[in-house]
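Computed from a predicted model, the values in this text were never measured in an experiment. Heavy-atom basis, side chains included; hydrogens, waters and symmetry copies ignored. The first residue in the sequence is number 1, and the count goes up from there.
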Amino acid sequence: MKEENKGASKNKWSRIFRKKWFFPAVYLTIAAVLLSVVVWYQNVDNQVPDAQEGTDEFIPSEHGERAEPVLEQQEMIQMPVTNPEEAEIVTKFYDYNADQEEQEQALVLYNNKYYESDGVNIASASGESFEVVAALSGEVTEVKEDPLLGNVVVLTHEDDVQTYYASLEEVDVKAGSEVKQGDSLGKAGKSVFGKDSGTHVYFELRKQDQEVNPEAYFNQPVSSLNSAVEEETKDVDAQDEADQQGTEDAEEEQETETPSDDSETTDEESDETSEEADNVDKTEEMDPELNN
């Protein structure tokens, strides 16, 4: 019986395979399944980017990534030494708005005369020589030896900023070379002009060829120098206006005093004329013959 059932089922499947519609139906079924899978996959693939794009528009970190290059360009102005904790400013920048004590600390005695300091003298607490480094990244535009200031190195930076290093005993850079912030420029030494400061480095910070107080801008971004120039320009303009107003007031005073002198002279002359006329009248009265 089992053999008969097996033979019957084989004959049944053989009859089905011989049908003309069997294989086309199989092909269509497989094609329909594949097409459904492709359409489903495309829908899923299209939905994922949409969700990602919508998320990118509102993620705050995207703005942070765009801001990183700007922050990297804004270096913080550093003291030109490797160990700021061990350094001290022995001569300050002369500030006309500072109190008398600070102004006295910003005077340099040379050849029996006092000079106003356009920078700061930085020395080590031990009084020994130390490494002088670049306060900002930039280009070495000048290296020279000055008879009063010793070896001098000048760096030029972005935004029309310059840093000036003097009283160097040794120089490790050449003009035209590029340096990064913190790179060694040389060793601190002594100079004739700043001999009272001992072993030190003289440091100037300039914006648009105008000296600013370095001590006020250490650990500040380079962009903070823009406000310093604006304030200095306002102070200069105010001083010029005050000087001009003082000159105008002096001229007005002089013009006011001049007519009064002339009036006094005129009064004196009129008094003398009247006195002469009185004398003539008296003479005529005393000598009647003069009237004849």
Can you find a heavy atom in the side chain of [X] that is under 4.5 Å from one in the side chain of [Y]?
| X | Y | value |
| --- | --- | --- |
| Y110 | L148 | yes |
| E158 | V222 | no |
| K113 | N111 | no |
| L136 | L155 | no |
| T163 | P80 | no |

Nearest non-hydrogen partners of [X] and [Y], listed with the distance:
| X | Y | answer |
| --- | --- | --- |
| A175 | V143 | N-CG2, 3.9 Å |
| M79 | A87 | SD-CB, 4.0 Å |
| G119 | E204 | CA-CG, 3.9 Å |
| E139 | G176 | OE2-CA, 4.0 Å |
| S117 | V108 | CB-CG2, 4.3 Å |
| A125 | E88 | CA-OE2, 4.0 Å |

Roughly how far apart are [X] [atom1] and [Y] [atom2], rounded to 0.5 Å?
| X | Y | atom1 | atom2 | value |
| --- | --- | --- | --- | --- |
| D172 | L185 | CG | CG | 8.0 Å |
| S167 | I122 | OG | CD1 | 11.5 Å |
| F93 | E116 | CZ | CD | 9.5 Å |
| Q181 | H157 | CD | NE2 | 9.5 Å |

Hey, is the main chain of [Y] close enough, under 3.5 Å, to the side chain of [X] for a donor-acceptor pair?
| X | Y | answer |
| --- | --- | --- |
| D95 | N97 | yes |
| Y165 | A135 | yes |
| Y217 | L225 | no |

* Asked: Which is it for Q162 and V154 under the side chain to side chain contact (heavy atoms under 4.5 Å, CB included) test, yes or no, and what are the steps along the way?
  -> CA-CA 7 Å; Q162 279 189 329; V154 180; 4.1 Å; yes

* To do: Determine, stepwise, if the pair V161 / L205 fulfils side chain to side chain contact (heavy atoms under 4.5 Å, CB included).
  => CA-CA 8 Å; V161 176; L205 180 62; 4.2 Å; yes

Show the atom names and distances, to 0.1 Å, of all donor-acceptor pairs under 3.5 Å that link a side chain in residues 188-199 to residues at least two apart or in another chain.
residue : atom : partner : partner atom : Å
S191    : OG   : G194    : N            : 3.2
S197    : OG   : T91     : OG1          : 3.4
S197    : OG   : N121    : ND2          : 3.0

Is there a path of hydrophobic side-chain contacts, each under 4.5 Å between heavy atoms of I/L/V/M/F/W/Y residues, joining [Y] to [X]?
| X | Y | value |
| --- | --- | --- |
| F130 | F218 | yes |
| Y96 | L107 | yes |
| Y94 | L109 | yes |
| L149 | V201 | no |

* Side-chain donor-acceptor pair under 3.5 Å between N226 and K207, yes or no? ->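 Note: N226 and K207 side chains meet the donor-acceptor criterion.
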
* With distance as the sole criterion, is a donor-acceptor pair present between the side chains of Y164 and E211 under 3.5 Å? ->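 The criterion, which ignores hydrogens and geometry beyond distance, is not satisfied for E211 and Y164.
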
* To do: Under 4.5 Å between side-chain heavy atoms, chaining through other members, with only Ile, Leu, Val, Met, Phe, Trp and Tyr counted: pull out the rest of the cluster around M76, sorted by chain and number.
  =>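 Members alongside M76: none; it stands by itself.
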
* Take E145 and N151 through the side chain to side chain contact (heavy atoms under 4.5 Å, CB included) test and state the conclusion after the steps. => CA-CA 4 Å; E145 185 176 357; N151 291 315; 3.6 Å; yes

* To do: For the pair V153 and V171, evaluate side chain to side chain contact (heavy atoms under 4.5 Å, CB included) and give the outcome as yes or no after the intermediate values.
  => CA-CA 8 Å; V153 174; V171 177; 3.9 Å; yes

* Got a sec: does the OH of Y115 have more than 12 other heavy atoms crowding it under 6.0 Å? ->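 Check passes, neighbour count above 12.
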
* Contacts of E170 that satisfy side-chain contact (heavy atoms from CB on, under 4.5 Å) - sequence neighbours left out ->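 For E170 the side-chain contact (heavy atoms from CB on, under 4.5 Å) partners, ignoring immediate neighbours, are K187.
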
* Asked: Applying the side chain to side chain contact (heavy atoms under 4.5 Å, CB included) test to F203, which of V132, V81, V120, I89 qualifies?
  ->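 So the option named by the test is V120.
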
